[in-house]
Number of protein chains: 4
Amino acid sequence: MSRKTKQERRRELLDAARDAFVVKGFAAATVDDIVANADVARGTFYLYFSDKRAVFEALVDEFLARIEACVKSIDLSHPDPPVVQLNANIRRIVELALAEPAIVKLALHDATGLDPELDEKLHGFYEGLRDLIDESLGQGQALGMVRAGDRRVMVAIGLGGLKEVLVDAVAGHVERDANAITEEIMRFLAGGLLARG
Amino acid sequence: MSRKTKQERRRELLDAARDAFVVKGFAAATVDDIVANADVARGTFYLYFSDKRAVFEALVDEFLARIEACVKSIDLSHPDPPVVQLNANIRRIVELALAEPAIVKLALHDATGLDPELDEKLHGFYEGLRDLIDESLGQGQALGMVRAGDRRVMVAIGLGGLKEVLVDAVAGHVERDANAITEEIMRFLAGGLLARG
Amino acid sequence: MSRKTKQERRRELLDAARDAFVVKGFAAATVDDIVANADVARGTFYLYFSDKRAVFEALVDEFLARIEACVKSIDLSHPDPPVVQLNANIRRIVELALAEPAIVKLALHDATGLDPELDEKLHGFYEGLRDLIDESLGQGQALGMVRAGDRRVMVAIGLGGLKEVLVDAVAGHVERDANAITEEIMRFLAGGLLARG
Amino acid sequence: MSRKTKQERRRELLDAARDAFVVKGFAAATVDDIVANADVARGTFYLYFSDKRAVFEALVDEFLARIEACVKSIDLSHPDPPVVQLNANIRRIVELALAEPAIVKLALHDATGLDPELDEKLHGFYEGLRDLIDESLGQGQALGMVRAGDRRVMVAIGLGGLKEVLVDAVAGHVERDANAITEEIMRFLAGGLLARG
DNA sequence: CATGAATGAGTTTTCATTCAT
DNA sequence: TATGAATGAAAACTCATTCAT
């Protein structure tokens, strides 16, 4: 029977760490929790990660990469109209969140105030996301597809709204159907909450 | 020179704790940091709070109470029309957030996953807020003032958007003018992001 | 309404301390427990006793004095025969123990290993008691009233037996009638446990 | 050179704790004292015992088990007559006590009032012992080998006397020869202290 | 005399990390 | 590679004692 490869062990440890962090949060989860989940000895952990922060960072990196993969720049020369492309972006993010609930809780909730380096990383990610959306909104405004307004505030509301919906969906506070959620988000973006007078 | 009253001392410790938490985050801040900020001995802390969690909880309690005080139920028999009342609610919250940037960061950002009891408290607070807004939306829908849609999702987007704007405002990512922010939020609620086709 | 005298306050503190020590033992009882029992402020305690050890010492002193008062040297010229005098000594001790159960637990059980000074005191008391009994036994042996044997062992057995009976009586493990207990002790001293062959 | 086994390390810590307790008493001895005696790091202690109370309890458990092993029920069908069997029981206990002076001091002297659980354990042990002796005395009375009397008091005196002799022997107050001590105890049981009139 | 807030030394306890096997 | 016993720095927490009022 063949030994596990390095990659498999690393994967197991990542998953074990993810579970531990989701249950107890980064600060309260111990390396002991992680190795217990992974069913390996304490020392083994340090063969794969330099320290506790490193696993967390690896997990966040992984998640950010997967989110980034969901977001495709709106391309005006694309056969689909921009609204459809936006819709597809949002649906991919919602689907990812519903498929990996643990990691949503982790990266969107728990990841701040741990240590400066990590905060930096998450902050950078959000900043990148904000810039991306900001830019798109600017493009949209130029084309008359997005209404006028303070774009940073518009971005914040949009991003915050999306985050909250995902967290709530994962927590079961709102329904867990990707299409329905995406639809509702689109309606919000298209028309706000209030009825047209 | 008169000794400080218990209330004053408690206030000092609360402020000292808030500063420590803001600088280092809840997990990394130590009771030592707090008492150093407050310029009292280690033991003094424990005369006022049972442990680190307790001060944090007190800070969050205080803040949540102040937010609650900002929100007044929409009253249809009020001389001001509902939209104006909504606007006033939002402005009060935005003003509070801008006045207490440190606590916003703490309560809206750091406060999850620390310990079950605190999570419960925050959860209860948000649940209450969600119910209140949900109900108001229902009323609005019945009166034709709010468009149709899945109210839980609508609430989540609205609440999340608001939270993010506040945190971003506090962090300096968006402009820090209460009126401007309120206006922008109202525009989002009234018409979403996209231009009318 | 007249203030309490120093003596009254001191008495209250002694009683409060006795209760605290009986409930929690010397080490676990805090000065807080004592002043709470006495219903005075923390600082007041130190107006009457130099420290925690001092109250305990005062309590033990008091108790030892009362025990010593129970024990009267056997006097051959006394109208009562020696056995009757012994009986009276024992009954007085048993009565004291039943009247002051708390203090039995304290001085006979809890008082060792606290600090060298206290150990010294108790040790000295026991040594004195042992010497007293040893001497009496020697006298008795010389007069043919006490059988031959290693007096130190005889003393130890007698003293240990008495202590245990008192502790058990106080704890309710044996009956709590002073006369019956005294009788039974006398029978033990007079004839051991085994029936005459 | 091979690492120590868990059992060896545990043994070292038990011995180190015993020494610390004997020197300073349970209350005054610190975990630091224990690990210093054992020459291990502070944390190591907690790999083997949950806290100071736990080591003490383990020490007491061990000793109680060994005492229990000394006591064999009197068997009337045994070739040795009951008195000889009793004598053997007592000698075994005395020998154990002389062999383990440190633990005698701990278990018979220091062990009460530390914490409820331990008190319970000791209480249970003594209760068991008391019941055993009580029963044997009852048997003896039925057979006319033990004189009449309140058995609970008889047990208390006998047990207390034995305890005190052991503690005194260990402390050097009485001679330390197992046979001589056993003899003297037997004489006490057989005939009390007073000479036959 | 009495108060009780404040002190800070002394302990306990945890846990990330190392390293001999 | 893997193990898990050992480490010890870092925190948390307690409580006898002091002292300004």
Side-chain angles (χ1 to χ4, degrees), chain A residues 3-6 9 27-36 38-55, chain B residues 1-6 8-10 12-13 27-35 38-54, chain C residues 3-6 9 27-36 38-55, chain D residues 1-6 8-10 12-13 27-35 38-54:
Chain A
R3 231 165 226 278
K4 271 154 189 159
T5 69
K6 280 202 83 134
R9 258 289 135 78
T30 67
V31 173
D32 239 47
D33 293 328
I34 297 172
V35 297
D39 213 44
V40 297
R42 234 209 290 319
T44 305
F45 175 85
Y46 290 90
L47 298 174
Y48 292 87
F49 299 98
S50 61
D51 53 26
K52 201 172 84 163
R53 200 179 65 14
V55 227
Chain B
M1 188 175 42
S2 73
R3 211 168 250 270
K4 272 151 189 159
T5 69
K6 282 215 122 193
E8 284 167 348
R9 187 61 90 192
R10 191 184 139 91
E12 283 179 353
L13 281 165
T30 68
V31 172
D32 252 47
D33 294 328
I34 298 172
V35 298
D39 210 44
V40 296
R42 203 162 10 274
T44 304
F45 175 84
Y46 292 94
L47 295 178
Y48 292 87
F49 301 98
S50 61
D51 52 23
K52 199 170 66 161
R53 203 189 99 300
Chain C
R3 231 164 225 277
K4 271 155 189 155
T5 68
K6 280 203 83 134
R9 256 292 134 80
T30 67
V31 173
D32 239 47
D33 293 328
I34 298 172
V35 298
D39 213 43
V40 297
R42 218 174 347 294
T44 304
F45 175 85
Y46 290 90
L47 296 176
Y48 292 87
F49 299 98
S50 62
D51 52 26
K52 199 172 83 163
R53 200 177 69 10
V55 228
Chain D
M1 189 173 42
S2 73
R3 209 168 252 271
K4 272 152 189 158
T5 69
K6 282 215 121 192
E8 285 166 347
R9 185 62 88 193
R10 191 184 138 90
E12 284 179 353
L13 281 165
T30 67
V31 172
D32 253 44
D33 293 328
I34 297 172
V35 298
D39 210 43
V40 296
R42 218 185 327 293
T44 304
F45 176 85
Y46 291 93
L47 295 178
Y48 292 86
F49 301 98
S50 61
D51 52 23
K52 199 170 67 160
R53 202 189 99 302

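A note on names: the letters A, B, ... follow the listed sequences, proteins ahead of strands, and every chain is numbered from 1.
Between D/Tyr46 and D/Val31 the shortest side-chain heavy-atom distance falls below 4.5 Å. In this structure the side chain of C/Val40 never reaches within 4.5 angstrom of the side chain of C/Phe45, judged on heavy atoms.
Under the Watson-Crick and G-U wobble criteria, each requiring two contacts below 3.5 Å, nucleotide F/dA5 is paired to E/dT18.
Nucleic acid contact for C/Thr44: base, since at least one base atom lies under 4.0 Å from a heavy atom of the residue.
Atom CZ in C/Arg9 sits roughly 10 Å away from atom P in E/dC1 (whole-Å rounding). We find that CG of D/Asp33 is positioned 8 Å from P of E/dT11, with the value rounded to whole Å. For the pair A/Lys52 NZ and E/dT14 P, the computed distance is 15 Å after rounding to whole Å. As a whole-Å value, the separation of D/Tyr46 OH from E/dA16 C1' is 18 Å. D/Glu8 places its CD atom 15 Å from the C1' atom of F/dA6, with the value rounded to the nearest Å. If you measure from atom OH of D/Tyr48 to atom C1' of F/dA6, you get 8 Å, rounded to the nearest angstrom. Between the CG atom of C/Asp51 and the P atom of F/dA16 there is a distance of 10 Å, given to the nearest Å. Rounded to whole Å, atom P of F/dT18 lies 16 Å from atom CZ of C/Phe49.
Sequence order on DNA chain F of the closest nucleotides to D/Lys6 and B/Ala29 puts D/Lys6 first from the 5' end.
With hydrogens and angles left out, the side chain of A/Arg42 and the base of E/dT17 share a donor-acceptor pair within 3.5 Å.
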